[in-house]
Amino acid sequence: MRLIESKTEMWQACSASSRPLGLVPTMGSLHPGHMALVERARTECATVAATIFVNPTQFGPNEDLDSYPRTLERDLSMLEQAGVDLVFTPSSAEIYPRGFNTWVDVLGSAQGIEGLYRPGHFRGVATVVAKLLNIARPDRAYFGQKDGNQTAVIRQLARDLDMMTEIVVIPTVREPSGLAYSSRNAYLDPYQRAAADVIYRALAHASTLYASGQRHAATITDEVRNMINSEPLVNGIDYVSITDAESMNEVEWVERAAMLAVAVHIGGTRLIDNIVLGQE
Ligand code: PAF
């Protein structure tokens, strides 16, 4: 496995690589959700490249950039064992050199529910993903469905800017309890971690409601909200929302596949999760 810090070297290595080339962009602190992206890339691509870069521009001023878990040695050994060929670990100055002043603003999907709660977040995500795709020029890039609004933004970015990369979205990987793997789960103490299981229980309940014929979005979201609020360690819900999975517009009636997404605070940790109703 080759470790690369410079974007010129990364561009050269990717250009010279056997095709198809699959790219797995990450912010490190790898977990089974990331490894599912790597495994899928491994099965579909002759060369697999991963990036580890905690992108400062996608964190708001009061968010967790400084405390975001950084576990580089462990991440590298996981990637090596999984058969990754190239790992790009640029510094912030390499990605945002002095004078950097171009931003990618995806409209529409970036104003979806997660974008409204994290102003500027998707501008940072779209900008760094555009840069990583330009540097690596992969045939395919792999992202997790857990960040449902992010996948809609990245699909739109690739489509609107004519990027010749196929965006592949992989289903959310969950712990046996149903809790979605997330780097931010590391912030939870054991009690909070157990409490966080309510999120998937509530999503699974929504799925049952949908399966039994309920199509009224507000009825489903009210039940999900009540169930999550019944957990004493939950200290806030940013949203429980059902949107069209592509446009991210809220729907009143679930007539075709739609994303039920939640953002929940447990202790100081904000967790997001979603399921697609009508596709389960
Ligand atoms: O999903 C993530 O880890 C990040 O948002 C990404 C796509 C690597 C961009 O920094």
Side-chain angles (χ1 to χ4, degrees), residues 4 7 10 22-38 40-41 48-60 63-72 74-76 78-79 84 86-92 94-96 100 103-106 109-110 112 114-115 117-136 138 140-158 161 163 165-173 180-187 248 259 261 263 269-274:
I4 301 175
K7 55 194 172 195
M10 181 65 178
L23 185 74
V24 181
T26 81
M27 297 206 300
S29 183
L30 301 182
H31 53 64
H34 296 112
M35 299 322 287
L37 307 182
V38 170
R40 175 74 174 270
V48 178
T51 69
I52 298 179
F53 178 61
V54 182
N55 174 35
T57 64
Q58 69 187 74
F59 289 79
E63 294 185 355
D64 55 344
L65 173 62
D66 292 339
S67 58
Y68 195 83
R70 288 161 172 87
T71 55
L72 186 61
R74 189 178 144 271
D75 294 348
L76 293 177
M78 287 167 79
L79 294 175
V84 168
L86 306 170
V87 185
F88 183 43
T89 58
S91 63
S92 277
E94 184 69 4
I95 295 294
Y96 300 110
F100 175 86
W103 298 94
V104 180
D105 259 322
V106 174
S109 54
E114 180 70 1
Y117 276 86
R118 298 185 70 188
H121 169 64
F122 286 128
R123 184 186 211 222
V125 170
T127 301
V128 81
V129 169
K131 287 172 70 71
L132 295 172
L133 295 182
N134 274 338
I135 294 166
R140 301 191 182 102
Y142 296 83
F143 299 90
Q145 170 62 31
K146 190 195 146 263
D147 298 300
N149 199 155
Q150 170 172 283
T151 61
V153 169
I154 292 171
R155 279 189 159 127
Q156 191 181 339
L157 160 80
L161 296 186
M163 293 186 156
T165 298
E166 181 192 346
I167 304 301
V168 183
V169 176
I170 304 290
T172 304
V173 181
Y181 280 105
S182 162
S183 304
R184 291 188 169 98
N185 291 354
Y187 299 145
M248 295 305 298
M259 189 172 81
T269 307
R270 182 177 186 273
L271 299 172
I272 60 170
D273 199 352
N274 69 79

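Numbering of ligands and ligand atoms starts at 1, following listing order. Being a predicted model, the structure only gives us computed values, none of them experimental.
- Of the protein's non-hydrogen atoms, the one nearest atom 3 (O) of ligand 1 is Met27 CG, 3.6 Å.
- Remark: Asn185 pairs with Glu175, Leu179, Ser182, Leu188, Arg193, Leu271 by the side chain to side chain contact (heavy atoms under 4.5 Å, CB included) rule, at least two apart or across chains.
- Within the 4.5 Å cutoff, no side-chain heavy atoms of Val106 are placed close to those of Phe122.
- A salt bridge does not link Lys131 with Glu94: every distance from a Lys NZ or Arg NE/NH1/NH2 to an Asp or Glu carboxylate oxygen is 4.0 Å or more.
- Under a 4.0 Å criterion applied to the non-hydrogen atoms of Val128, ligand 1 contributes the atoms 9 (C), 10 (O).
- Taking the side chain as every heavy atom from C-beta outward, Thr57 and Arg123 never approach each other to under 4.5 Å.
- Among the atoms of Gln58, some N or O lies under 3.5 angstrom from an N or O of ligand 1.
- The nearest heavy-atom contact from the protein to atom 7 (C) of ligand 1 is Gln150 NE2, 3.5 Å.
- Between the side chain of Thr165 and the backbone N or O of Pro138 there is at least one donor-acceptor pair closer than 3.5 Å.
- With a heavy-atom cut-off of 4.0 Å, Thr26 touches ligand 1 through its backbone alone.
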